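This report concerns only the one structure given below.
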Amino acid sequence: MTYVNFYFELDVYKLSRQLAKEVYRISKHFPVEEKFSLTDQIRRSSRSVGAQIAESWAKRRYINHFIAKLTDSDAEQYETQHWIEVEFDCELVNGQERELIVKSCEVINQKLNAMMSKASLFCTIGRK
């Protein structure tokens, strides 16, 4: 594993930013009446994935706090998956858009789980 100095160098963080960007792109075309429900929910959850990763980086001093924030990030990607499924059911997204978001979330899930299983490697503050 290559050591990174900042959270924004993590592949999983970069993927979370891409996820948020794709969700935004897809949701721009949702009906106005969904602005404060489906649109807001999926945008919020997808943006929170990366925010929780950033917060976890700040909590590396305590391994349990680090893992807890990564768990929160994982929960947000699952929520994003839920909302894309609801939007698919409501015919707001097509199968290709749904698949793109689900696959992105699955990769993020795998990377977050890998980080959690190797948390001690990330929680060595000041390592060069």
Side-chain angles (χ1 to χ4, degrees):
M1 178 180 78
T2 304
Y3 183 75
V4 297
N5 291 304
F6 303 101
Y7 67 88
F8 51 81
E9 297 173 324
L10 295 166
D11 286 342
V12 70
Y13 178 76
K14 293 173 187 175
L15 291 170
S16 74
R17 297 266 314 268
Q18 185 63 34
L19 172 67
K21 181 178 170 181
E22 286 301 322
V23 164
Y24 179 78
R25 182 188 62 77
I26 290 167
S27 64
K28 282 195 317 189
H29 308 292
F30 288 178
V32 175
E33 64 268 18
E34 292 298 340
K35 181 177 181 181
F36 297 109
S37 53
L38 288 177
T39 305
D40 182 61
Q41 290 286 25
I42 195 167
R43 285 181 179 180
R44 185 202 52 75
S45 65
S46 68
R47 290 171 179 164
S48 187
V49 176
Q52 300 297 331
I53 293 168
E55 285 188 47
S56 75
W57 195 258
K59 299 201 174 208
R60 290 175 299 137
R61 183 165 282 120
Y62 307 103
I63 195 166
N64 290 338
H65 292 167
F66 177 72
I67 292 171
K69 292 312 286 183
L70 291 177
T71 301
D72 291 344
S73 180
D74 201 31
E76 294 293 344
Q77 70 79 17
Y78 274 112
E79 182 178 346
T80 301
Q81 284 191 60
H82 164 74
W83 291 121
I84 201 71
E85 295 293 350
V86 170
E87 291 157 0
F88 179 74
D89 293 343
C90 294
E91 300 178 350
L92 296 174
V93 298
N94 63 40
Q96 185 178 7
E97 292 168 322
R98 178 194 153 277
E99 192 66 22
L100 172 69
I101 299 305
V102 169
K103 291 236 183 258
S104 295
C105 287
E106 288 172 350
V107 171
I108 289 169
N109 170 260
Q110 291 167 355
K111 290 186 176 289
L112 289 171
N113 283 322
M115 284 180 73
M116 287 184 263
S117 70
K118 298 174 185 172
S120 62
L121 298 175
F122 292 92
C123 292
T124 307
I125 302 294
R127 194 173 109 191
K128 294 285 178 185

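Quantities reported herein were computed from a predicted structural model and do not represent experimental measurements.
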State, without any angle test, whether [X] and [Y] hold a side-chain donor-acceptor pair at a distance under 3.5 Å.
{"X": "Trp83", "Y": "Glu79", "value": "yes"}
{"X": "Glu85", "Y": "Gln81", "value": "no"}
{"X": "Gln110", "Y": "Asn113", "value": "no"}
{"X": "Glu34", "Y": "Ser37", "value": "yes"}

Ser104 vs Leu15, side chain to side chain contact (heavy atoms under 4.5 Å, CB included): CA-CA, chis, key distance, verdict: CA-CA 7 Å; Ser104 295; Leu15 291 170; over 6 Å; no
Heavy-atom count around [X] [atom1] within 6.0 Å, excluding the residue itself: above 12?
{"X": "Tyr24", "atom1": "OH", "result": "no"}
{"X": "Glu33", "atom1": "CD", "result": "yes"}
{"X": "Arg17", "atom1": "CZ", "result": "no"}

Pair Val107-Lys111, side chain to side chain contact (heavy atoms under 4.5 Å, CB included): steps then yes or no: CA-CA 6 Å; Val107 171; Lys111 290 186 176 289; 4.0 Å; yes
Would you give the length of the straight line joining atom [atom1] of [X] to atom [atom2] of [Y], rounded to the nearest 0.5 angstrom?
{"X": "Asp89", "Y": "Arg98", "atom1": "CG", "atom2": "CZ", "value": "9.0 Å"}
{"X": "Glu55", "Y": "His65", "atom1": "CD", "atom2": "NE2", "value": "12.5 Å"}
{"X": "Leu92", "Y": "Glu97", "atom1": "CG", "atom2": "CD", "value": "10.0 Å"}
{"X": "Leu19", "Y": "Glu22", "atom1": "CG", "atom2": "CD", "value": "8.5 Å"}

Where is the tightest heavy-atom contact between [X] and [Y], given as atom of each residue plus distance?
{"X": "Gly50", "Y": "Ser16", "value": "CA-OG, 3.2 Å"}
{"X": "Val49", "Y": "Ile108", "value": "CG1-CG2, 3.9 Å"}
{"X": "Phe30", "Y": "Thr39", "value": "CD1-OG1, 3.2 Å"}
{"X": "Ser46", "Y": "Ala20", "value": "OG-CA, 3.8 Å"}
{"X": "Ser120", "Y": "Ile63", "value": "N-CD1, 3.6 Å"}
{"X": "Arg60", "Y": "Phe66", "value": "CG-CD1, 3.6 Å"}

Steps toward side chain to side chain contact (heavy atoms under 4.5 Å, CB included) verdict (Ile53, Leu112): CA-CA 9 Å; Ile53 293 168; Leu112 289 171; 4.0 Å; yes
Hey, are the side chains of [X] and [Y] touching, using non-hydrogen atoms and a 4.5 Å cut-off?
{"X": "Thr71", "Y": "Ser56", "value": "no"}
{"X": "Arg44", "Y": "Glu76", "value": "yes"}
{"X": "Leu10", "Y": "Met115", "value": "yes"}
{"X": "Lys28", "Y": "Arg43", "value": "yes"}

Identified ring pair (Phe, Tyr, Trp, His ring centres under 6.0 Å) counterpart of Tyr13 within the set Phe8, Tyr7, Phe6: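 Result for ring pair (Phe, Tyr, Trp, His ring centres under 6.0 Å) with Tyr13: Tyr7.
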Step-by-step side chain to side chain contact (heavy atoms under 4.5 Å, CB included) determination, Trp57 to Val4: CA-CA 11 Å; Trp57 195 258; Val4 297; 3.5 Å; yes
Step-by-step side-chain hydrogen bond (donor to acceptor under 3.5 Å, both in side chains) determination, Asp74 to Gln77: CA-CA 5 Å; Asp74 201 31; Gln77 70 79 17; 2.9 Å; yes
Shared hydrophobic cluster for Val86 and Ile42 (ILVMFWY, side-chain gaps under 4.5 Å):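 Same cluster: Val86 reaches Ile42 through Ile, Leu, Val, Met, Phe, Trp or Tyr contacts under 4.5 Å.
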In one Ile/Leu/Val/Met/Phe/Trp/Tyr side-chain cluster, 4.5 Å: Ile67, Tyr78: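 Different hydrophobic clusters.
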Ser48 side chain vs Ser45 backbone, donor-acceptor pair below 3.5 Å: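 Looks like no, no N/O pair under 3.5 Å.
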